[in-house]
Amino acid sequence: MHEEGPATSCLPRITDARIVVTGAVGLIGRKLTYRFAQAGAQVVAVDLDAARLRKEFGGVAHILPVPGDVADEVFADDLFTELASSGGITALVNNAALTGIRIPFLQTTTEMFEAMLATNLRSVYLLSHRAACAWTQTRTPGTIINLSSPGATRAHPAQSLYDASKGGVEALSRAMAVELGPFGIRVNCLAPAAVSEVADRNATLPLRTSVTPDDIADAAVFLVSPAANHITGVVLPVDGGLGAQLRVPNGPSSGQGAA
């Protein structure tokens, strides 16, 4: 058992929640899964890596590991059929993604493009569509959180495919929030900056410390909780102030022309 320490005491309790978290064994997904469970929720932890999933969460209270490919339509259908038979869910967190792949645009291929969109965007559509259909059919509210990135609106060097996929995630999230709002379904994004395991010093951020998985998990618990009942269609940056600052290009030492 690898259960982590107690949740932050100021976080809301979500004892009536049942939450699906995808990409559950990754750096962020692992913390999301444990933090939801610590806040009182039942968590369905989904990941493609069955061995790591079982090793991490097998036998952990309030966490059910479910291996599978979230970009596979058959798996999405089977997952939500099984979830419906056991009471359904209250929230979906689409965290699974291909990250850290740096390839200049001119060296990318169609296969790379399709693989990136399959994991990062197609999976969000498949699971969100199934969740929304289940909630509307049973006339119950629900919450979707999609993990985005600053790259959705500002380009990373040599990450055109990743940035395109996250731009799609944000556009889809806004559209779902508008269309699904009348059914009581909220849809939001979290957009973390580069994440470190621990809060290291980072002089490039206004807060001067790196973003950790704890920071993202705390924000996710808030968005799932009743405290966020009237928050939908937003992208919440968890970025240490990265998006608020202007990074001036290198130029003449006199600073002439700097904005």
Side-chain angles (χ1 to χ4, degrees), residues 1-7 17-89 91-103 111-112 114-128 130-131 144-147 149 159 161-162 165-166 169 190 192 194-198 211-217 220-221 224:
M1 184 180 295
H2 301 272
E3 190 167 0
E4 299 188 345
R18 189 184 190 203
I19 305 170
V20 171
V21 176
T22 70
V25 299
L27 180 64
I28 297 173
R30 178 175 176 273
K31 183 62 68 173
L32 287 168
T33 300
Y34 280 121
R35 187 56 49 86
F36 283 133
Q38 290 160 351
Q42 300 291 323
V43 187
V44 179
V46 180
D47 201 280
L48 185 61
D49 192 330
R52 285 184 63 194
L53 196 64
R54 287 192 297 270
K55 181 178 180 180
E56 184 66 48
F57 301 120
V60 178
H62 307 299
I63 300 175
L64 174 65
V66 177
D69 182 357
V70 291
D72 182 349
E73 188 166 15
V74 173
F75 173 75
D77 287 338
D78 290 346
L79 173 65
F80 277 89
T81 297
E82 179 62 29
L83 291 171
S85 69
S86 57
I89 62 170
L92 165 66
V93 181
N94 288 304
N95 169 69
L98 293 176
T99 62
I101 301 172
R102 294 182 177 273
I103 302 173
E111 290 75 17
M112 293 176 187
E114 291 176 346
M116 184 69 71
L117 289 193
T119 301
N120 294 14
L121 184 56
R122 174 183 167 89
S123 68
V124 172
Y125 165 75
L126 288 176
L127 272 62
S128 297
R130 274 64 181 173
I144 298 172
I145 299 175
N146 297 322
L147 270 289
S149 163
Q159 294 192 63
L161 304 186
Y162 174 81
S165 72
K166 291 303 183 179
V169 166
L190 288 174
V195 180
S196 300
E197 184 71 43
V198 295
V211 178
T212 70
D214 287 286
D215 299 319
I216 301 160
V221 171
V224 166

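Note that the coordinates shown come from a computational prediction; the quantities given were computed from them, not determined experimentally.
S128 places no side-chain N or O within 3.5 Å of a backbone atom of Y125 that could act as its donor or acceptor partner. Panel note: side chain N95, backbone G23; a donor-acceptor pair is recorded below 3.5 Å.
The two atoms that bring L127 and A76 nearest to each other are CD1-CB, 3.9 Å, heavy atoms only. Scanning both residues, V43 and A37, for their nearest heavy atoms gives CG2-N, 3.7 Å. When all heavy atoms of V46 and G68 are compared, the closest pair comes out as CG1-O, 4.3 Å. Minimum interatomic distance between V21 and G29 (heavy atoms only, all atoms of both residues): CG1-O, 4.1 Å. Heavy-atom minimum distance, V221 versus R35: CG2-CG, 3.7 Å. Contact record, K166 with S149: CG-CB, 3.9 Å, taken as the closest heavy-atom pair.
The line from CD1 of I19 to CZ of F36 is 4.5 Å long, rounded to the nearest 0.5 Å. Here the straight-line distance linking atom CG of L161 with atom CG of L98 works out to 10.5 Å at 0.5 Å rounding. Interatomic distance, Q38 CD to I63 CD1, rounded to the nearest 0.5 Å: 8.0 Å. The line from CG of L117 to OG of S123 is 10.5 Å long, rounded to the nearest 0.5 Å. How far CZ of R130 is from CD1 of I89: 13.0 Å, rounded to the nearest 0.5 Å. Atom OH of Y162 is separated from atom CZ of R102 by 10.5 Å, given to the nearest 0.5 angstrom.
Using a 4.5 Å heavy-atom cutoff, the side chains of L83 and V20 are in contact. Counting heavy atoms from C-beta outward, I101 and M116 have side chains that approach closer than 4.5 Å. Between V93 and T22, every side-chain heavy-atom pair lies at or beyond the 4.5 Å cut-off. Taking 4.5 Å as the limit, some side-chain heavy atom of I145 sits within range of a side-chain heavy atom of V224. The shortest distance between side-chain heavy atoms of I216 and L190 falls below 4.5 Å. You'll find the side chain of I144 reaches within 4.5 Å of the side chain of N94, heavy atoms only. Looking at V44 and R18, their side chains come closer than 4.5 Å, going by heavy atoms from C-beta outward. Within the 4.5 Å cutoff, no side-chain heavy atoms of V211 are placed close to those of S196.
For L64, the side-chain contact (heavy atoms from CB on, under 4.5 Å) partners two or more places apart in sequence, or in a different chain, are V66.
Judged purely by distance below 3.5 Å, without hydrogens or angles, the side chains of Y34 and E56 pair a donor atom with an acceptor atom. The closest side-chain donor-acceptor pair between T212 and D215 falls under 3.5 angstrom.
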(message) Evaluate L126 against F75 for side chain to side chain contact (heavy atoms under 4.5 Å, CB included), listing each step before the verdict.
(response) CA-CA 10 Å; L126 288 176; F75 173 75; over 6 Å; no
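For residues 40-54, the side-chain hydrogen bond (donor to acceptor under 3.5 Å, both in side chains) pairs, not counting sequence neighbours, are Q42-H62.
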